[in-house]
Amino acid sequence: MFTRTTSRTVHFNSPFTLPGVTGNYPPGDYRIYDDEEQITGISWLAYRRISTTMEVVGRQKTSRIDIDPLDLDAALHEDTLRTPVKTSLADHT
């Protein structure tokens with residue numbers, strides 16, 4: 001079975017936690033890796049996600065932790081709700 005890994009960077013403006021993962025994480029950029037396997041037996045190219053990991057940079061080492069992508073989406077959404085909207089003075093005249 002053919003597998004691939006895609007990656008993306010997410011940004012948190014506030015400290016956050018993820019269910020099932022120990023610890024609080026500081027604001028910043030985090031690299032997310034999705035492992036996907038090719039779905040066979042269909043007439044077009046398609047993949048399904050089989051795992052998602054987040055890269056965590058520590059003092060001594062960098063590691064990847066398994067996360068639930070739905071928990072990540074919820075944490076990112078919550079972060080946007082906590083982030084104040086920046087307005088300029090021109091918006092108030």
Side-chain angles (χ1 to χ4, degrees):
M1 180 126 337
F2 180 72
T3 60
R4 69 179 185 184
T5 300
T6 59
S7 65
R8 65 192 192 285
T9 300
V10 298
H11 179 80
F12 284 93
N13 292 306
S14 304
F16 68 99
T17 60
L18 294 171
V21 179
T22 304
N24 293 324
Y25 296 95
D29 293 331
Y30 289 85
R31 198 84 178 137
I32 306 298
Y33 298 91
D34 294 304
D35 292 331
E36 302 169 319
E37 69 180 4
Q38 186 176 359
I39 300 171
T40 58
I42 56 177
S43 59
W44 62 89
L45 185 59
Y47 292 86
R48 83 173 124 244
R49 183 174 39 215
I50 55 175
S51 72
T52 300
T53 57
M54 180 173 73
E55 188 173 79
V56 178
V57 179
R59 291 185 189 111
Q60 301 290 327
K61 66 177 183 170
T62 299
S63 59
R64 287 189 189 180
I65 55 172
D66 290 321
I67 61 170
D68 183 325
L70 296 176
D71 292 340
L72 175 63
D73 291 343
L76 287 165
H77 179 71
E78 186 176 315
D79 186 62
T80 60
L81 296 176
R82 285 187 296 218
T83 304
V85 176
K86 295 180 182 179
T87 60
S88 68
L89 292 176
D91 294 335
H92 299 290
T93 56

| Between CD1 of Ile50 and OG1 of Thr3, what distance do you get to the nearest 0.5 Å? | 6.0 Å
| If every non-hydrogen atom of Phe12 is compared with every non-hydrogen atom of Leu72, which pair is closest and at what distance? | CZ-CD1, 4.0 Å
| task | Measure the spacing between CG of Leu76 and CG of Asn13 and express it to the nearest 0.5 Å. | result | 10.0 Å
| message | Quick one, Tyr30 and Tyr25 - any side-chain contact, counting heavy atoms below 4.5 Å? | response | yes
| field | Considering all heavy atoms, the nearest Arg49-Glu36 contact | value | CA-CG, 4.0 Å
| In Å, rounded to the nearest 0.5 Å, how long is the span from OG of Ser14 to CG of Asn24? | 12.0 Å
| query | Between Asp35 and Thr5, is any side-chain donor less than 3.5 angstrom from a side-chain acceptor? | reply | yes
| Backbone N or O of Thr6 within a donor-acceptor pair of the Asp34 side chain at under 3.5 Å? | no
| Linking I/L/V/M/F/W/Y whenever any side-chain heavy atoms sit under 4.5 Å apart, do Phe16 and Leu81 land together? | no
| message | Nearest 0.5 Å, please: how far is OG1 in Thr52 from OH in Tyr33? | response | 13.0 Å
| task | State yes or no: do Trp44 and Tyr47 share one hydrophobic cluster built from I, L, V, M, F, W and Y residues joined by side-chain heavy-atom distances below 4.5 Å, directly or via other members? | result | no
| Heavy-atom count around His11 NE2 within 6.0 Å, excluding the residue itself: above 12? | yes
| field | Between CD on residue Glu37 and CZ on residue Arg4, distance to nearest 0.5 Å | value | 11.5 Å
| Would a 4.5 Å heavy-atom cut-off, applied to side chains only, mark Ile32 and Ile67 as touching? | yes
| Heavy-atom closest contact (Asp71 atom, Leu18 atom, distance) | O-CD2, 3.7 Å
